[in-house]
There are 2 protein chains.
Amino acid sequence: MTIKEVAEKFNMTNDTLRYYEKVGLIGPVKKNSSGIRDYSDNDLRRIEFIKCMRSAGLSIEILKKYVDLYAKGDSTKLERQHLLEEEQEKLEEKIKTMTDALDKLKYKIELYKTDKLDEYL
Amino acid sequence: MTIKEVAEKFNMTNDTLRYYEKVGLIGPVKKNSSGIRDYSDNDLRRIEFIKCMRSAGLSIEILKKYVDLYAKGDSTKLERQHLLEEEQEKLEEKIKTMTDALDKLKYKIELYKTDKLDEYL
DNA sequence: ATAGCATTTAGAGTCTAGTCTAAGTCAATA
DNA sequence: TATTGACTTAGACTAGACTCTAAATGCTAT
């Protein structure tokens, strides 16, 4: 699969795909005889995972750490698990923060709708 | 209330408070005879709101837009309401995205725990 | 075989949201 | 009175995550 096709499939840019490869999040992707990238199924699975985690706010740095641990093999399993568990916690907190903000936002919108707006801002 | 007290109360830095004022998110805050900021109760309520929305990911730009509309008075009520409703939608989508990612993360952790890890990454 | 578009690289530039620095003012304390 | 520490400003700097540019090369269609 070409970079363009992958970019379209996952709704990201060619630049971002090359960038992720440069920083070591994916690949190195195989290239054909004329130096053009040809993404494998496994590349695609990784990209999907990375994209999903990025969209949830996990940093490139932490994902890179995970990828590097994975590359080191089975001896890093427990460490990888702990890394993921930490990110899970952070993510849960973030979702809670956002849900609280959402509730406030809804409340404020309700004040607008019922014209009971007596607030600062 | 001094800038330091406000910063402590809301767990942010003096710099951020001055920055928010500079870009017009809050204030201008009253200053005493020697030029030192003295935050009013109303300032505090705004800061709390801004902080909450920022923590949910609303951009400075959009919050500035809202603040500016508010400053223009009652004629902008409906526009403000629509702005908030749009942000509500975006926020709901973001929470959904993050919840989906969280589920994947939990699933992967489960694979680690049960040692059924047969995955790419 | 020439045009025109896609791909490659290295490296520079951009955007957001702060964060830090320098130079100065002020009030309180030793 | 001298020093200390908090505050002020304007403006430079930073981090993170891309995004864009230039110059070279390759693929496809005419």
Side-chain angles (χ1 to χ4, degrees), chain A residues 1-40 43 46-47 49-68 87 90-91 94 97-98 101, chain B residues 1-40 43 46-47 49-68 87 90-91 94 97-98 101:
Chain A
M1 219 175 186
T2 70
I3 196 167
K4 191 180 189 186
E5 289 165 341
V6 177
E8 269 162 22
K9 184 176 169 66
F10 293 111
N11 194 33
M12 53 206 296
T13 69
N14 302 11
D15 277 330
T16 301
L17 282 166
R18 286 194 210 97
Y19 170 68
Y20 282 1
E21 190 175 346
K22 181 155 69 176
V23 299
L25 276 193
I26 54 178
V29 175
K30 283 243 171 78
K31 306 200 185 156
N32 70 16
S33 52
S34 38
I36 289 181
R37 285 175 181 77
D38 181 15
Y39 290 83
S40 72
D43 290 333
R46 276 190 180 223
I47 291 166
F49 177 70
I50 296 288
K51 226 236 154 182
C52 176
M53 293 304 126
R54 282 292 302 130
S55 72
L58 275 72
S59 73
I60 299 246
E61 188 183 11
I62 207 78
L63 291 170
K64 167 78 169 143
K65 207 167 163 183
Y66 179 74
V67 167
D68 287 351
E87 294 311 305
K90 286 192 212 166
L91 198 41
K94 244 167 73 178
T97 300
M98 291 174 68
Chain B
M1 219 175 184
T2 70
I3 196 167
K4 190 180 190 190
E5 289 165 341
V6 178
E8 269 163 22
K9 183 175 170 69
F10 294 111
N11 194 32
M12 53 205 296
T13 69
N14 302 11
D15 277 331
T16 301
L17 281 166
R18 287 194 210 97
Y19 170 68
Y20 282 1
E21 190 175 345
K22 180 155 70 178
V23 300
L25 276 192
I26 54 178
V29 176
K30 282 242 170 81
K31 306 197 184 157
N32 70 17
S33 51
S34 37
I36 290 182
R37 286 176 180 75
D38 182 15
Y39 291 83
S40 71
D43 290 333
R46 276 190 180 222
I47 291 167
F49 178 70
I50 296 287
K51 226 237 154 180
C52 176
M53 293 304 127
R54 281 292 302 130
S55 73
L58 275 73
S59 72
I60 299 247
E61 188 183 11
I62 207 79
L63 290 170
K64 166 76 169 146
K65 207 166 161 182
Y66 179 74
V67 167
D68 287 351
E87 293 312 305
K90 285 193 212 164
L91 198 42
K94 242 167 78 178
T97 300
M98 292 174 69

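The analysis underlying the following values was restricted to heavy atoms, covering all of them including side chains, and did not include hydrogens, waters or symmetry mates. Proteins come first, then strands; the chains are lettered A, B, ... in the order of their sequence lines, and each starts at number 1.
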Practice task
Please check the phosphate of C/dT8 (OP1 and OP2 only) for any side-chain N or O of A/S34 closer than 4.0 Å.
Solution key: no

[X] [atom1] - [N] [atom2] separation (whole Å):
X     : N      : atom1 : atom2 : value
A/K64 : D/dC18 : NZ    : P     : 15 Å
A/K31 : D/dG26 : NZ    : C1'   : 14 Å
B/N14 : C/dT21 : CG    : P     : 15 Å
B/K30 : D/dC7  : NZ    : C1'   : 20 Å
A/L58 : D/dA17 : CG    : P     : 10 Å
A/E5  : C/dT7  : CD    : C1'   : 13 Å
A/E21 : D/dA17 : CD    : P     : 18 Å
B/L17 : D/dA6  : CG    : P     : 16 Å

Problem - Given DNA chain C, 5'-ward residue of the pair B/D15 and B/Y19, judged by closest heavy atom - result: B/Y19

Handout entry: B/R18 vs B/K22, nearer the 5' end of DNA chain D by closest nucleotide
Key = B/R18

Practice task
Assign each of A/N32 and A/T13 to its nearest nucleotide of DNA chain D by heavy atoms, then name whichever residue's nucleotide is nearer the 5' end.
Solution key: A/T13

Among [options], which is the nearest nucleotide to the side chain of [X]?
X     : options               : value
A/I36 : C/dT8, D/dG16, D/dT8  : C/dT8
B/R37 : C/dT8, D/dG16, D/dT8  : D/dT8
B/I3  : D/dC18, D/dT8, C/dT9  : D/dT8
A/I60 : C/dA17, D/dC18, D/dT8 : D/dC18

Problem - B/N32 vs B/S34, side chain to side chain donor-acceptor pair (under 3.5 Å): CA-CA, chis, key distance, verdict - result: CA-CA 5 Å; B/N32 70 17; B/S34 37; 3.2 Å; yes

For [Y], is there any backbone N or O sitting under 3.5 Å from a side-chain donor or acceptor partner on [X]?
X     : Y     : result
B/K30 : B/S40 : no
A/K94 : A/A56 : yes
B/E8  : B/E5  : no

Exercise for the section: Have a look at B/R54 and say if it touches a base, only the backbone sugar-phosphate, or nothing, with a 4.0 Å heavy-atom cut-off. Expected result: sugar-phosphate

Fill in the blank from the handout: On a heavy-atom basis, the closest approach of B/L25 and B/R46 is O-NH1, 4.0 Å

